[in-house]
**Q** 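Mind looking over this structure? Questions follow.
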Amino acid sequence: MLEKTYRPAEVEEKHYRLWEESGAFAADTTSNARPYTIMMPPPNVTGSLHMGHALTFTLQDLLIRYQRMRGKDALWQPGTDHAGIATQMVVERNLSAEGKTRHDLGRDRFIDKVWEWKAESGGTITRQLRRLGASPDWGKERFTMDEGLSKAVRKVFVELHRQGLIYKDKRLVNWDPKLHTAISDLEVEQREIKGNLWHFRYPIEGEEGRWIVVATTRPETMLGDTGVAVHPEDERYRDLIGKHVVLPLVGRRIPIVADEYADPETGSGAVKITPAHDFNDFEVGKRCGLEAINIMDRDARLTDAVPEAYRGLDRYEARKKVVADLEALGLLETIEPHTHMVPHGDRSGVAIEPWLTDQWYVDAATLAKPAIEAVESGRTVFVPKQWENTYFEWMRNIQPWCISRQIWWGHQIPAWYGPDGTVFVEETEEEAQARADAHYGAPTPLTRDADVLDTWFSSALWPFSTLGWPDRTPELARYYPTDVLVTGFDIIFFWVARMMMMGIHFMGDVPFRTVYIHALVRDEKGQKMSKSKGNVMDPLDLIESYGTDALRFTLAAMAAQGRDIKLATNRVEGYRNFATKLWNAARYCQMNACVPVDGFRPTGLTQTVNRWIVGELAETARKVAESIEAYKFNEAAGTLYQFTWGTFCDWYLEFTKPILTGNDAPAAAETRATTALVLDQILHLLHPLMPYITEELWEQLAEGRANRLISAAWPEYGPELVDTAARDEMDWVVRLISSVRSMRSEMNVPPSAQIPLMLKDAGAVSLKRLDTHRDQILRLARLASAEPLAGDVPKGAVQDVLDEVTLVLPLEGVVDLDKERARLTKEIEKHTAEIRKIDAKLGNEQFVAKAPEEVIEEQRERRATAQQASDKLRKALEMLAR
RNA sequence: GGGCGAUUAGCUCAGCGGUAGAGCGUCUCGUUUACACCGAGAAUGUCGGGGGUUCGAUCCCCUCAUCGCCCA
């Protein structure tokens, strides 16, 4: 016998272990089944499970379990990425606790430390994924720093370099002065900073007492100014173009140039140009032939390129001093408070310094072209479609991708330099050496490029590197391209776009047919969850409190397309209750010996109620499958919730109680078999959403199952199971019972009072239905009898209308007549309002002329129904008149 | 500044050219042998404002307002 309530903690671990040990998660490369593949977006190896993970992996697991049950050879490819900067930071933090830096260890020993750390702590997130019930093929788990994946990275780098699509260039990069590395545009976040706009006077050369005012948010950069720009159309400065100013504090003679970058509306209209420390200024400098003077070092301290007084100052100290010194010289015109966006490193949180360095770049614009075309032509489809715009927008304006990082943890760039700086890019040191020796004509010592690649460079190869590329493995042939990528919109640029570029370039086909973009999970007030706000909900806490299935069901139920999820714990609680409801329904079935009958086919059933529930089941199965395949997870969840609770538990189980305890043995047997079948099928349908409770019930409800639910077949029924006559009939019974219950409740008839029901004007069909279902009706409406009314309606009766029938509850002496009059009046008003509305429509010539026939017919029918009801109710009201 | 999205019951959200829905919450009733993490019943909406298209608009179009996100 099942326990009284479901206790998730007691079964989750057991089932997960059994699933994994039985090989249920593993894809079968040799099978004849059609493959279905999802590439798990590899979580960061330093990460731990947050709500966003819980959502994305729940949805992926739902899809995988569903397709697995549909008989596909389902591959959900798991793994983690090495998160270069984040991981290095973690390990460096640990070292600093011992008072050491990575430089104390040296590169090799530091890398060993990182691997040690990974072995100890890198498995956190994959362990947590297991608690979520995720069912990826763990045997195929990959890590971006694995040997195989590293080989893929080297090969891609070398090939792209040969094709001229990777190159080294000296450009301004986003330099992180704290982490001492370049980062890509995407790793920079703009933060709003309250600062100032300082207006400085730059004296014009040769014109005593005349100056030009420039405005800047970064005074310290003026030490590297090599020009002043004004708009060519700006009348105020026209005569100054071509002249020079003498840069204060420095004494450098710098030109005034005309460039449209200077905005006459902003500040003074003149702008100082520091080509080496500002992206816009860099472009102006290039256009106007200005020198780029690098005045900062890797820590963003001033170099020897500035006057001695400023050397070695941090950029913010330098700012203060520059302002003070200019003020002392009378060259500070005004200070204007100014709020502006300042780029910050997303990992370090410090302001980024545009810095002129040599870095490796990918020619993203070239690779983007076919990736854009693939989405335009529909070879890859975004769901919801609107995200294609985001993708196009970024891809069409894509900048060169800076891929080199000045850190140690990552794929070291396979480039070696000869003594004269000649670069040899090869997959191995041996090949590079051979090339170099040939080049120089003698054995020549080489130095390897010290930089590593952006982590996303290796992630971009994930859809094929995990399958064995560059080797031509059976997995690669079978599972690429994958079916769907499931991820959040925040990762479209970082990852989706880059996988598209690399996949198409190296595999000749898109990496996935569909990209499903889901929502972000927010707190119940709609705010993004963050540690600093203290509003994070830990999925593991929710799992502790409510069980994994409740969390999963909640996330799926709230995953409506194109909308963020505001998660409140009471929703999770509600779905925990749903799990308990299911559990108790199963317990009831067990108590009533409703066990699955081998070979039982739900066709040719004798009991209307059984034909009805089987039809509803078939409809539910169809709708759920349809919803999942359309990525409408909320609909799938809603349909299942409604059917399980609202139809099966609330009505079917109640309807069949009299049959189970009655004398008709064949009917009882049929009903037991049907009940067991429907419950069993509910477990199947719910399994992708609630794997644990369904597996547990499946195990407990029958002895000696040949397999586990995870490996069972998805229910597929044809439309022949849907019996519309049975549906109409049961619908009538439901409406009758509801009506009686409502009258009783409104008239305050105690639930314990068994009263008679009389049916006035009942037609043959209604009378037959009444006879068939009398037992159910008496029980569920708590009636003493239900008979056709012969003769007049008794005095003081309560009445309601059900199609052509008037339902009569003789309650003389019990009824509060005023209350009943009020109730009837209200009902009548409802119907007459309806009639009025319909008459207005039908009286409109245009409507009758232009609306489709079936709409007009429907209106006529509705009018007739309302008219009938209101007539009958009016009669009932008249009878109550004194 | 450009783009996207949202605005529906007290709350969280579905829906959608032709009866406005769910869950939670609220109120009333309930020791019916699966379930109080339950059952029965009830109340609650000018579907953000204003225009337009249409026989008909919560839904399509325009506009305004408010909020959120992304990009500059």
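These numbers were taken from a predicted model, which means no experiment stands behind them.
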**Q** In chain order, what residues pass the side chain to side chain donor-acceptor pair (under 3.5 Å) check against Arg571(A), with sequence neighbours excluded?
**A**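 Expected list: Tyr575(A).
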**Q** Can you give me the N/O atom pairs linking the protein to nucleotides 15-21 of chain B at distances under 3.5 Å, or say none if there are none?
**A**
from	atom 1	to	atom 2	distance (Å)
U19(B)	OP1	Arg862(A)	NH1	3.0

**Q** Could you run down the sub-3.5 Å N/O contacts of the protein with nucleotides 25-33 of chain B?
**A**
none

**Q** Sequence neighbours left out, what passes side chain to side chain contact (heavy atoms under 4.5 Å, CB included) with Glu834(A)? Give chain and number order.
**A**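 Once residues adjacent in sequence are excluded, the partners of Glu834(A) under the side chain to side chain contact (heavy atoms under 4.5 Å, CB included) criterion are Ile838(A), Arg862(A), Ala866(A).
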**Q** Sequence neighbours excluded, which residues qualify as side chain to side chain donor-acceptor pair (under 3.5 Å) partners of Thr548(A)?
**A**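 Thr548(A) satisfies side chain to side chain donor-acceptor pair (under 3.5 Å) with Glu12(A) once adjacent residues are dropped.
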**Q** Out of A42(B), A36(B), C37(B), which has the shortest distance to the side chain of Lys4(A)?
**A**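 Output: A36(B).
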**Q** Using the test salt bridge (Lys or Arg N to Asp or Glu O under 4.0 Å), find all partners of Lys385(A) that sit at least two apart in sequence or belong to another chain.
**A**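 Partners of Lys385(A) by the salt bridge (Lys or Arg N to Asp or Glu O under 4.0 Å) criterion, ordered by chain and then number, come out as Glu388(A).
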**Q** Could you tell me which residues satisfy side chain to side chain contact (heavy atoms under 4.5 Å, CB included) with Arg860(A), sequence neighbours excluded, listed by chain and number?
**A**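 Side chain to side chain contact (heavy atoms under 4.5 Å, CB included) list for Arg860(A), sorted by chain: Leu842(A), Glu853(A), Ile856(A), Glu857(A).
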**Q** Go through RNA chain B and write down every stem, that is, every run of at least three consecutive Watson-Crick or G-U wobble pairs with distances under 3.5 Å, as range with range.
**A**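 So the stems come out as B:1-7 with B:65-71, B:10-13 with B:21-24, B:26-30 with B:38-42, B:48-52 with B:60-64.
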**Q** Any salt bridge (charged side-chain N to carboxylate O under 4.0 Å, His left out) involving residues 628-637 of chain A? Give me the pairs, sequence neighbours left out, ordered by first then second residue.
**A**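 Every salt bridge (charged side-chain N to carboxylate O under 4.0 Å, His left out) pair that includes a residue of residues 628-637 of chain A, provided the two are not neighbours, is Arg70(A)-Glu629(A).
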**Q** Please collect all side chain to side chain donor-acceptor pair (under 3.5 Å) contacts where either partner lies in residues 637-649 of chain A, sequence neighbours excluded, each pair once.
**A**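 As it turns out, there is no side chain to side chain donor-acceptor pair (under 3.5 Å) pair with a partner in residues 637-649 of chain A once direct neighbours are skipped.
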**Q** Suppose you measure atom C1' in G45(B) against the same atom in A20(B); what distance do you get, rounded to whole Å?
**A**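 Straight-line distance between the two C1' atoms is 8 Å.
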**Q** Between Trp645(A) and G39(B), does any side-chain N or O lie under 4.0 Å from OP1 or OP2?
**A**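 Yes, Trp645(A) has a side-chain N/O under 4.0 Å of OP1/OP2 on G39(B).
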**Q** Can you list the residues that meet the salt bridge (Lys or Arg N to Asp or Glu O under 4.0 Å) rule with Glu699(A), with sequence neighbours excluded?
**A**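 Checked Glu699(A) against salt bridge (Lys or Arg N to Asp or Glu O under 4.0 Å); matches are Lys14(A).
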**Q** Under the rule for salt bridge (Lys or Arg N to Asp or Glu O under 4.0 Å), what residues qualify as partners of Glu260(A), not counting sequence neighbours?
**A**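 For Glu260(A), no residue satisfies salt bridge (Lys or Arg N to Asp or Glu O under 4.0 Å) once neighbours in sequence are set aside.
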